[in-house]
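Here the structure is laid out as structure tokens; the discussion comes afterwards.
Positions are given from 1, in the same order as the sequence printed here. Computed from a prediction, not measured in an experiment: that's the story for all the values here.
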Amino acid sequence: MSTTSPQPQTRDENTRFFGQPWSLVHVFGVEMWERFSFYGMQGILLIYLYYSVTEGGLGIPKAVAGGIVGAYGGAVYLSTILGAWIADRLFGSERVLFVSAMVIVAGHVALAALPGLLGVGVGLILVALGSGGLKANATAVVGTLYAPDDIRRDAGFSLFYLGINLGAFLGPILTGILQTSLGFHYGFGLAAIGMTLGLVQYSFGRRSLPDEARHVPNPLPAARYPMVGIIAVAGIALIVVLVLVGVIRADNLAPIVIGVTAVAAIAYFAVILSSRRITSTERSRVWGFLPLFITSVAFWSLYQQQFTVLTVYSDERLNRDLFGWEMPVSWVQSINPVFIIILSGVFAVIWTRLGKRQPSTPVKFGLAAIIMGSAFLLFLPFSGGGPNSTPLLAIVGILFVFTVAELLLSPVGLSVTTKLAPSVFHTQMVALFFLSVALGTAISGWLVQFYNPDDEVPYFSTLGAIAILVGIGLLLSVKPVLKLMKDVR
């Protein structure tokens with residue numbers, strides 16, 4: 001028997017995938033198909049919940065249906081924290097990514113095969129858990145493909161981001177075609193097939209990933225495994241009991257997710273700010289992150305209504321006639337990814353050329369909130385119209401404004417979070433940013449109950465005005481916020 005120790009696996013230095021490591025194609029593929037299935041399913045989910053039984057739906061009231069979709073979206077981002085913890089302490093990013101992909105497939109199969117609310121409940125729980133685990137770890141796995149000084153890194157992440165939006169673009173289009181021609185469960189089935197393709201590709205390609213992708217950065221001591229197992233079982237049992245006794249119901253899911261997320265965010269801030277392991281400069285930077293967190297919540301609570309109120313609006317107000325053929329409702333969800341693909345490169349060029357002259361992060365966040373609020377005000381000229389009264393080009397224009405606001409906040413937010421994070425709380429600060437997305441997404445579902453198609457002016461004007469005021473408030477506070485951020489812009 002040989003006693004030679006195994007040699008560490010080197011990074012993939014070839015350039016077969018558009019100048020990038022060939023291993024990137026496997027993570028690119030599983031992420032693209034995950035986004036295909038995620039947005040494809042989400043494009044038809046809300047109308048499946050509130051369409052009548054004769055139309056193939058479940059006949060749930062719109063407010064309750066919107067709350068379910070918002071709670072589900074919030075749960076996805078909450079699950080990223082769980083997925084990151086499991087990777088960091090137990091199994092490593094690559095293994096969690098692989099298992100998460102299998103969980104997503106199971107969730108989409110449940111939606112396609114199981115009837116009624118049973119399929120919705122089982123399917124959405126599995127997809128939320130799986131998507132959270134995959135979202136939290138796919139980016140980390142891509143990072144292991146490059147040495148720290150590899151000049152291909154930024155271009156590789158840009159290519160990876162392209163895969164995300166390619167899947168997000170195609171998913172709603174294809175599932176929408178099947179939903180309108182064959183029925184909802186065929187659309188859900190296509191999402192399951194898409195994710196299965198991504199899983200199969202990844203299962204063959206994962207062997208070529210570097211060993212670093214399987215590394216566990218902060219292993220949990222074996223002695224603590226039983227305690228973690230007990231906590232997990234107790235948590236699941238508590239949720240089951242609360243469902244059985246009627247505390248957790250379909251009509252209050254969004255407020256519950258909002259409450260859980262808010263408590264988690266407050267706890268994270270309290271733990272970090274009270275820690276003796278951070279310096280005074282790091283503590284100040286965390287305080288500087290707080291107004292950015294609040295602005296992020298306000299932004300996502302409006303932006304994520306693409307999947308709630310905008311879906312209802314597209315179903316009831318939008319003129320979807322294309323040369324005598326009615327476009328599926330879900331196709332509206334494919335507009336934003338197109339703008340993301342086009343504009344992300346434009347913004348990258350703008351920030352590069354401006355260099356140190358570009359606006360600071362608080363300014364970008366403030367502008368994002370103002371532009372997002374303005375996008376809601378753009379609905380006002382079409383308020384009070386009947387069916388098919390809003391031109392398709394109007395929604396295209398409004399979603400263009402959505403995208404501009406997103407690109408001022410989403411990638412910038414992730415970047416500044418890593419800069420403001422104390423060295424011993426790097427992961428927790430990233431989790432805080434995702435908690436702002438989770439909280440805003442859950443709020444977007446809760447707000448559906450206030451949307452009245454017969455009286456839209458109060459809804460769009462109030463939310464638009466609130467977002468604009470939040471943005472103006474941050475712009476007026478730029479100097480003190482930057483002072484707290486301690487030389488981080």
Side-chain angles (χ1 to χ4, degrees), residues 23-42 45 72-73 75-114 118-142 144-145 160 163-164 167-168 170-171 174-175 185-211 213-216 220 225 228-229 232-233 235-236 239 434:
S23 299
L24 178 61
V25 75
H26 308 303
V27 193
F28 175 97
V30 73
E31 179 71 17
M32 182 188 73
W33 285 113
E34 189 274 333
R35 292 290 90 183
F36 173 93
S37 63
F38 181 88
Y39 284 103
M41 177 273 286
Q42 193 148 305
L45 175 61
Y72 155 72
V76 169
Y77 289 97
L78 273 176
S79 298
T80 61
I81 299 169
L82 177 63
W85 186 89
I86 293 174
D88 285 348
R89 305 303 303 274
L90 297 175
F91 302 117
S93 290
E94 191 282 321
R95 295 185 185 92
V96 176
L97 190 158
F98 183 50
V99 174
S100 296
M102 290 190 285
V103 173
I104 295 170
V105 170
H108 287 300
V109 169
L111 274 165
L114 297 179
L118 175 63
V120 172
V122 174
L124 292 188
I125 289 172
L126 291 176
V127 174
L129 290 172
S131 293
L134 193 145
K135 181 185 287 291
N137 291 287
T139 301
V141 171
V142 172
T144 66
L145 303 180
F160 178 66
I164 292 174
L170 292 174
L174 297 182
T175 57
H185 288 280
Y186 286 92
F188 294 138
L190 180 62
I193 292 171
M195 191 63 228
T196 301
L197 291 173
L199 175 61
V200 170
Q201 176 195 351
Y202 183 74
S203 65
F204 285 108
R206 62 192 292 253
R207 298 181 185 90
S208 67
L209 294 171
D211 290 336
R214 301 173 187 86
H215 174 65
V216 182
L220 186 74
Y225 276 34
V228 171
V233 172
I236 294 171
I239 293 172
F434 279 122

Practice problem: Quick one: do Val27 and Leu209 satisfy side-chain contact (heavy atoms from CB on, under 4.5 Å)? Show the steps, please. | Solution: CA-CA 9 Å; Val27 193; Leu209 294 171; 4.1 Å; yes
Quiz item: Which value, rounded to the nearest 0.5 Å, describes the distance between Glu31 atom CD and Leu134 atom CG?
Solution: 5.5 Å
Quiz item: How many angstroms lie between OG in Ser37 and CG in Leu170, if you round to the nearest 0.5 Å?
Solution: 12.5 Å
Quiz prompt | Straight-line distance of Arg35 CZ to Ser131 OG, nearest 0.5 Å | solution = 6.0 Å
Quiz item: Can you tell if the side chain of Val127 reaches within under 4.5 Å of the side chain of Val76, non-hydrogen atoms only?
Solution: no
Practice problem: Could you pull out the closest heavy-atom pair between Val30 and Met195, with the gap in Å? | Solution: CG2-CE, 3.9 Å
Practice problem: Taking the side chain as every heavy atom from C-beta outward, state whether Glu94 and Tyr202 have any atom pair closer than 4.5 Å. | Solution: yes
Self-check item: Closest non-hydrogen atom pair between Ala110 and Val122, with its separation
Solution: CB-CG1, 3.9 Å
Quiz prompt | Over all atoms of both residues, closest heavy-atom pair of Ala128 and Ala75 | solution = CB-CB, 4.2 Å
Self-check item: NZ or CZ of Arg95 within 45° of Phe98 ring axis and under 6.0 Å
Solution: no
Exercise. Would you confirm whether Gln201, through its side chain, and Val25, through its main-chain N or O, come within 3.5 Å as a donor-acceptor pair?
Key: yes
Self-check item: Nearest heavy atoms of Val103 and Leu126, plus distance in Å
Solution: CG1-O, 3.2 Å
Quiz item: In Å, rounded to the nearest 0.5 Å, how long is the span from OG1 of Thr80 to CG of Leu82?
Solution: 9.0 Å
Quiz item: Does the pair His108 and Phe188 meet the rule for a side-chain contact (heavy atoms from CB on, under 4.5 Å), with working shown?
Solution: CA-CA 6 Å; His108 287 300; Phe188 294 138; 5.9 Å; no
Quiz item: Could you go step by step and tell me if Leu197 and Met32 meet the side-chain contact (heavy atoms from CB on, under 4.5 Å) rule?
Solution: CA-CA 10 Å; Leu197 291 173; Met32 182 188 73; over 6 Å; no
Self-check item: Non-hydrogen atoms of Ser79 and Gly132 that approach each other most closely
Solution: CB-CA, 3.7 Å
Quiz prompt | For Tyr39, ring pair (Phe, Tyr, Trp, His ring centres under 6.0 Å) partners two or more places apart | solution = Phe307
Quiz prompt | Between CG on residue Leu199 and CZ on residue Phe204, distance to nearest 0.5 Å | solution = 10.0 Å
Quiz item: Once you round to the nearest 0.5 Å, how far does CG of Leu129 lie from CG of Leu124?
Solution: 11.0 Å
Quiz prompt | From CA spacing to verdict: side-chain contact (heavy atoms from CB on, under 4.5 Å), Leu174, Phe36 | solution = CA-CA 9 Å; Leu174 297 182; Phe36 173 93; 3.7 Å; yes
Exercise. Looking only at non-hydrogen atoms, find the nearest pair between Asn137 and Ala84 and report the distance.
Key: ND2-N, 4.4 Å
